[in-house]
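The structure appears right after this line, and notes come after that.
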Number of protein chains: 2
Amino acid sequence: MVDMVDDDKLERRVTGADVANAAGVSPSAVSRTFTPGASVSPATRDRVLRAAVALGYRPHFIARSSRERHGNLVGILISDLGNPWYAMAVQRLSQALQEHAFHAVLFDANTPDMLTRIVPLILQYQLDGLLIGAPDMPLIVADVCAGTATPIVMFGRLSKPELGLSSVACDDHQSGREVVDLLVERGYQRLAYLGGEAGPIADTRRGEGFAERVRELRLPPITNVSASESSYAAGGRAADALLGHAQRPDAVFCQNDVLAIGFLDVARNRYGLNVPDDLAVVGFDDIPAASQFPYQLTTVQQPLDAMMTEAVSLISHQIASSAPVPETRLLPGRIIERQTVRSPV
Amino acid sequence: MVDMVDDDKLERRVTGADVANAAGVSPSAVSRTFTPGASVSPATRDRVLRAAVALGYRPHFIARSSRERHGNLVGILISDLGNPWYAMAVQRLSQALQEHAFHAVLFDANTPDMLTRIVPLILQYQLDGLLIGAPDMPLIVADVCAGTATPIVMFGRLSKPELGLSSVACDDHQSGREVVDLLVERGYQRLAYLGGEAGPIADTRRGEGFAERVRELRLPPITNVSASESSYAAGGRAADALLGHAQRPDAVFCQNDVLAIGFLDVARNRYGLNVPDDLAVVGFDDIPAASQFPYQLTTVQQPLDAMMTEAVSLISHQIASSAPVPETRLLPGRIIERQTVRSPV
DNA sequence: CTGAAAGCGCTTACAG
DNA sequence: CTGAAAGCGCTTACAG
C-alpha cells in the first residue's frame with residue numbers, strides 16, 4: 001500500500017535561493033557558508049547566516065548528495081533483529097556510522113524470501129555501501145551482492161570465501177577449538193554441537209573448529225544437532241532431541257546464546273539435569289541474558305565494539321577507494337567462564 | 001572522523017542517458033519505463049529494458065526524489081535499542097515502512113546529550129517524517145520537534161499533551177488500573193511502583209493509573225521507587241532499595257519487563273523471597289524473556305504489531321496531508337497472567 | 001505515445 | 001572572496 005503524496009503543501013520549502021535573495025548574495029555564497037572549509041568572507045557568511053535563521057533555512061542534504069555523487073547513506077541489512085546480539089550490533093553500527101558522517105538506512109528481512117526480494121531493491125537505491133548481518137541469505141543473493149559495484153561488508157559471520165565478499169567476524173574456528181579444550185580439562189567426555197540454521201552463505205567455522213579439535217584429541221565423535229532457527233524455543237527443542245535417551249552428551253556447545261539459553265532451561269526444568277555437574281552448556285556471543293542470575297552462562301564473547309568499529313572503518317575505506325578489494329577481518333573471541341561449566345578441580 | 005571520498009572510480013555510474021543512447025530513445029522514455037503507470041508503448045519499453053539490463057542500469061532513487069520533492073525516507077530515532085521491546089518495535093517499524101515504500105533511516109542516541117545534538121541534524125536532513133521512541137528526550141528537543149515542519153510521531157509512550165506532538169501508545173493509564181485490580185483480587189495489600197528514568201517528555205501514565213486506582217480503593221498508599229535507567233541491573237538495585245526492610249511491599253508493578261526481571265532475580269536470589277507467595281511482580285511490555293522458564297512473568301502486553309502499524313499509518317498520512325494536526329492514538333494493553341502473581345483462590 | 005526543454009536544490013570549476 | 005553558469009540524474013508539464 002503506497003500513499004499518495006499531496007504536493008500542495010501551503011508552505012513551500014525554503015531554499016538556498018530564497019536565502020540568497022534575502023541576503024542579497026548569490027546562491028553560491030549561501031552554499032559556501034554551509035560547506036565547511038569553503039571560502040566566504042566573514043561579512044557575507046554573517047549576512048547569509050542571519051537570513052538563514054530568519055527564514056528557517058536548512059540545506060537539503062539529499063539534493064546536496066545528488067550533486068556530490070554520494071549520499072553518505074549506508075545500509076544495514078539484518079535478518080534477525082530479535083536476537084539481542086544483532087540488536088546490539090545494529091546499535092553500535094549506527095553509532096559508528098554517525099561518527100563517520102554516514103547515515104544508517106535499516107532494512108529488515110526475516111526470511112530468505114524477503115532477502116531475495118529486498119536486496120535488488122537496496123542495490124537499486126544506490127547507497128554508498130551496505131553492511132549485511134544475515135547468515136541465512138540465499139546464495140543467489142550473495143552472488144548479486146558480489147557482482148555489484150557498491151561496497152558490501154558482512155558482519156558477524158564470515159562469508160564463505162568463494163563468494164568474494166568482505167567480512168568482519170570473530171575467530172570462530174579458534175574459539176571452537178578452545179571450547180573443546182576447556183570442556184576436556186573440566187572432565188567432560190561426550191561432547192555435542194548444537195548448530196543454528198544452515199546459513200547458506202555464512203561459514204560454519206564455530207562447529208568446524210570444535211569438531212576438528214575433538215578429532216585431534218581422539219575423543220569420541222561429537223553428536224551434531226541443528227536447530228531450525230536461532231530462537232529460545234528451538235534451543236528447547238534441541239534439548240528434547242539430545243537429552244531424551246540414555247547415551248546423552250555431557251557437554252553441549254551452542255552456536256549462540258539464545259539457543260544455549262533455551263537449551264539450558266529445558267535441560268534443567270524438563271530433564272531435571274544439574275548444570276554444570278550432569279551437563280555443561282556453553283554459548284556464543286555473550287548477550288546480556290547470559291550474565292543474568294538464572295543463567296550465568298559460560299560463553300564465548302565476541303568483541304562487539306571492536307568488530308563493529310572495524311566493519312564501518314572497512315566499509316568507509318572501500319567507499320573511499322577507487323578499486324576496493326574484498327578483505328576479511330578476524331577478531332579473537334574470549335571465553336567468559338560463568339557457572340554452566342564446572343570449575344577447575 | 002570523516003573519510004574523504006575519492007571520486008576517481010574507474011567505472012562511471014551508468015545513467016538513464018546512457019540507456020537512452022543505447023536504446024535510441026529519449027531520456028524521458030527511459031524514465032517512463034521505470035515509473036509504474038506511465039505511458040510507454042510496449043515496443044519502446046522493451047528496447048529500453050533490454051538496453052538497461054545490458055548496461056546494468058538502475059534508476060537512481062536519490063536523484064529521483066530530489067525532483068519529486070520527497071525522498072521516501074523516514075527516520076527512526078531511538079534511545080534504547082538494548083531494550084528488547086524497542087528492538088522489536090524497530091523491527092516492526094522498518095517492515096511496515098518498507099510496505100509503504102518508505103525507507104527507514106535509523107538514528108541512535110543513548111543519552112539526552114546525544115539526543116540534543118542529533119535531533120537538529122536529523123531535521124536538517126529533511127526526511128519525510130520522523131518516528132521517535134526516546135522517552136528520555138529533553139524537553140527543549142521536543143520543542144524543536146514541535147516547531148518543525150517535518151511530521152513527527154512518538155511511539156511507545158505518549159508525549160506530554162502540551163507538547164503538541166503526535167503519538168501512538170498503549171493505554172498505560174487503564175492498564176495501570178487493571179494491574180491494581182488484579183493484585184487486590186489475589187490478596188496482595190502493600191503495593192509498590194517501580195518507575196523508570198524520569199522521562200522528561202514521556203508521560204507517566206502507567207504509574208498514575210496505578211496510583212489512582214489504589215486511592216479509589218482506599219488501599220494503603222503505594223511506595224514509589226524510581227530506577228535511574230531501564231536496565232536489568234537497575235531493577236536489581238531497586239529490589240535492594242525496596243526489599244531491605246521489614247515493612248516491604250508484597251507486590252510491585254514495574255514500568256517495564258527488563259526492570260521487572262532484574263527485580264525478580266534479586267528478590268529471589270538475594271532475598272530468598274518466594275514469588276508469587278511472598279511477593280508479586282508484574283512487568284510491562286511482554287518481551288520474549290518474560291515467557292522464559294525462570295521468569296514466567298505476569299505482565300501487561302502492549303499490542304506491538306498494531307501499535308507499529310498504526311504509527312507508520314499515522315505518519316504516512318501526515319506526510320501526505322497538507323496541514324497535519326497532532327493526533328494521539330491509544331491502543332489497549334492486555335494482562336498476560338503467568339507465574340509471578342498468585343492464581344485465583 | 002514521444003521528445004525537447006525546464007526544473008528539483010544544491011555545488012563546483014571557471015573567471016573575475 | 002565572489003557570481004554566472006553548468007551540472008548531478010532524474011522527472012514532468014508541454015507540444016506534437
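Inter-residue side-chain proximity for F102(A) and V312(A) is flagged as unmet; no heavy-atom pair is nearer than 4.5 Å. Using a 4.5 Å cut-off on side-chain heavy atoms (C-beta onward), M137(A) and C145(A) make contact. S166(B) is not listed as a side-chain neighbour of H317(B), based on a closest heavy-atom distance of 4.5 Å or more.
If you measure from atom CG of L55(B) to atom P of dG9(D), you get 15 Å, rounded to the nearest angstrom. F34(A) has its CZ atom 10 Å from the P atom of dC10(C), to the nearest Å. Following rounding to the nearest Å, N21(A) (CG) and dA4(D) (P) show an atom-to-atom distance of 11 Å. Computed from coordinates, the D46(B) CG to dC1(C) P distance equals 15 Å when rounded to whole Å. Remark: P of dG9(C) and CG of D18(A) are 9 Å apart, rounded to the nearest angstrom.
Residue S31(B) places its side chain closer to dT11(D) than to any other of dG3(D), dC10(C), dT11(D). Comparing atom distances between the T15(A) side chain and each of dC10(D), dG3(C), dG9(C) picks out dG9(C) as nearest.
dG16(C) and dT12(C) have their C1' atoms separated by 16 Å, given to the nearest Å.
Taken together, the paired segments of DNA chain C that extend over three or more consecutive Watson-Crick or G-U pairs, each closer than 3.5 Å at both contacts, are C:1-3 with D:14-16, C:5-12 with D:5-12, C:14-16 with D:1-3.
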Does the pair D46(B) and R50(B) meet the rule for a side chain to side chain contact (heavy atoms under 4.5 Å, CB included), with working shown?
CA-CA 6 Å; D46(B) 205 63; R50(B) 214 178 295 280; 2.4 Å; yes

If you apply the rule side chain to side chain contact (heavy atoms under 4.5 Å, CB included), what do you find for M308(A) with F155(A), and how did you get there?
CA-CA 8 Å; M308(A) 298 306 122; F155(A) 63 88; 3.9 Å; yes

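Here F107(A) pairs with H103(B) under the ring-ring contact (aromatic ring centres under 6.0 Å, His included) rule; sequence neighbours left out.
Note on S39(A): every side-chain N or O is 4.0 Å or more away from OP1 and OP2 of dT2(D). Between S41(A) and the phosphate of dC1(D), there is no side-chain N or O to OP1/OP2 separation shorter than 4.0 Å.
Panel note: side chain D128(A), backbone V74(A); no donor-acceptor pair is recorded below 3.5 Å.
Partner of V105(A) under the side-chain contact (heavy atoms from CB on, under 4.5 Å) criterion, out of L127(A), L97(A), L77(A), I122(A): L127(A) alone.
A22(A) and L55(A) get closest at one heavy-atom pair: CB-CD1, 4.0 Å.
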Restricting to nitrogen or oxygen on both sides, can you table the protein-nucleotides 13-15 of chain C pairs closer than 3.5 Å?
residue	atom	partner	partner atom	Å
dA13(C)	N6	R32(A)	NH2	3.1

